[in-house]
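Below is one structure. I have some questions about it.
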Amino acid sequence: MLRGRPRRGREAHAATGDDPGGGADPLDAAQERRVRAVLALGGVPQADLPDGVQQVRLRLLERAASGREAPRDVSAWAAVVASNLAMDWHRAKRRQERLGERLAALRQPAEHPSGEDSSVLSVAVAQGLDGLPDAQRQVVVLRFYADLPVRSIAEQLGVPEGTVKSRLHTAVRALRARLHEDEVV
């Protein structure tokens, strides 16, 4: 899980005096909000979001410290890293479930007030995303929530554009079917 990784942020670098970024935060406020959104939409719990943001920061700082040049589009790069972290979180969660540590409360549908259609739709979409395979969830979150173009997603993931389009098509079709099946739309 995200909590199991070491926390090293600006504070750790400041204490040792080896801050490769010269004290500047590698993520601006808008990029940090985007990273938080991608993590949250990827299914990472609220409690783990700060750790996820720190992991993205750490990877950007490590990249700079190793001498590699900064990504052309830091915002897109950070969104893809966040999406990968969310996938890692889901893999760890599935390992725990296979070990019998699944909590029954995670599978019980939440009660919603009858007048809140948008809340019901949001919950249904989130549950639909949770039911998608990792690769499909990743492209849906990057395309529709991080607002990355197909070409950028393909470049960042290292797959052909056609693969991204295919995954998007399949995922959207599955989400639509789920929403109709649940009679949400």
Side-chain angles (χ1 to χ4, degrees), residues 1-3 5 7 9-10 21 24-64 68-94 118-179 184-185:
M1 299 252 204
L2 293 175
R3 289 181 189 266
R5 297 197 179 150
R7 278 187 153 183
R10 289 184 305 239
D25 190 343
L27 295 177
D28 65 28
Q31 292 165 337
E32 183 174 334
R33 282 191 304 274
R34 186 182 220 183
V35 165
R36 283 180 170 276
V38 169
L39 288 168
L41 291 165
V44 176
Q46 288 290 325
D48 288 340
L49 292 182
D51 290 337
V53 172
Q54 285 300 92
Q55 283 297 313
V56 173
R57 250 189 208 104
L58 175 62
R59 290 189 185 178
L60 190 55
L61 290 170
E62 286 173 340
R63 181 183 178 111
R68 290 183 285 169
E69 66 182 57
R72 283 193 324 241
D73 184 352
V74 173
S75 189
W77 180 88
V80 170
V81 169
S83 178
N84 288 336
L85 287 171
M87 288 175 57
D88 290 346
W89 185 88
H90 279 283
R91 286 185 191 110
K93 179 181 171 190
R94 277 197 292 275
S118 64
S119 293
V120 171
L121 181 59
S122 295
V123 169
V125 169
Q127 289 174 343
L129 280 172
D130 193 38
L132 292 175
D134 290 340
Q136 290 177 10
R137 182 184 324 106
Q138 184 177 35
V139 296
V140 167
V141 168
L142 290 173
R143 177 66 187 106
F144 297 114
Y145 294 100
D147 201 27
L148 294 179
V150 170
R151 172 173 279 142
S152 181
I153 295 169
E155 288 172 3
Q156 294 292 331
L157 296 178
V159 298
E161 285 183 48
T163 300
V164 173
K165 290 176 183 178
S166 174
R167 289 176 184 173
L168 278 172
H169 175 77
T170 304
V172 168
R173 192 174 61 211
L175 283 172
R176 184 179 297 127
R178 167 90 186 247
L179 293 176
V184 175
V185 291

Review point. What residues form a salt bridge (Lys or Arg N to Asp or Glu O under 4.0 Å) with R167, not counting sequence neighbours?
Key: none
**Study point:** Worked check of side-chain hydrogen bond (donor to acceptor under 3.5 Å, both in side chains) between Q31 and R34
**Key:** CA-CA 5 Å; Q31 292 165 337; R34 186 182 220 183; over 6 Å; no
Point to revise | For A78 against V35, the heavy-atom pair lying closest together | key: CB-CG2, 3.7 Å
Check your understanding: Does any N or O in the side chain of S83 come within less than 3.5 Å of the main-chain N or O of A79, such that one atom is a donor and the other an acceptor?
Key -> no
Exercise for review: Any chance you could measure H90, atom NE2, to Q138, atom CD, to the nearest 0.5 Å?
Suggested key: 11.0 Å
Exercise for review: Could you tell me which non-hydrogen atom of V44 sits nearest to which non-hydrogen atom of D48, and how far apart they are?
Suggested key: CG1-CB, 3.6 Å
Review point. Any side-chain heavy-atom pair from R63 and R59 closer than 4.5 angstrom?
Key: no
**Study point:** Minimum heavy-atom distance W77-P71, with the two atoms named
**Key:** CG-CG, 3.5 Å
Exercise for review: Drop me the distance from Q46's CD to L39's CG, to the nearest 0.5 angstrom.
Suggested key: 10.0 Å
Point to revise | For D134, side-chain hydrogen bond (donor to acceptor under 3.5 Å, both in side chains) partners two or more places apart | key: R94, R137
Study note, to complete from the structure: Distance col, row R68:CZ vs L60:CG, nearest 0.5 angstrom, shows 10.0 Å
Practice item. Please determine if E32 and R57 form a salt bridge, counting it only when a charged side-chain N lies under 4.0 Å from a carboxylate O. Key: yes
Review point. Which heavy-atom pair separates G52 from L85 by the least distance, and what is that distance?
Key: O-CD1, 3.6 Å
Check your understanding: Between L132 and A174, what is the shortest heavy-atom contact and its length?
Key -> CD2-CB, 3.9 Å
Exercise for review: Quick one: closest heavy-atom pair of V141 and L41, and the distance?
Suggested key: CG2-O, 3.9 Å
Sequence neighbours left out, cut at 3.5 Å: what donor-acceptor pairs do the side chains of residues 142-164 make with other protein atoms?
| residue | atom | partner | partner atom | Å |
| --- | --- | --- | --- | --- |
| R143 | NH1 | L148 | O | 3.2 |
| R151 | NE | E161 | OE2 | 3.3 |
| E155 | OE1 | R72 | NH2 | 3.4 |

Exercise for review: First locate atom CG of L175, then atom CG of L168, and finally report the distance between them rounded to the nearest 0.5 Å.
Suggested key: 10.5 Å
Check your understanding: Do R176 and V172 come within less than 4.5 Å of each other through their side chains, counting heavy atoms only?
Key -> yes
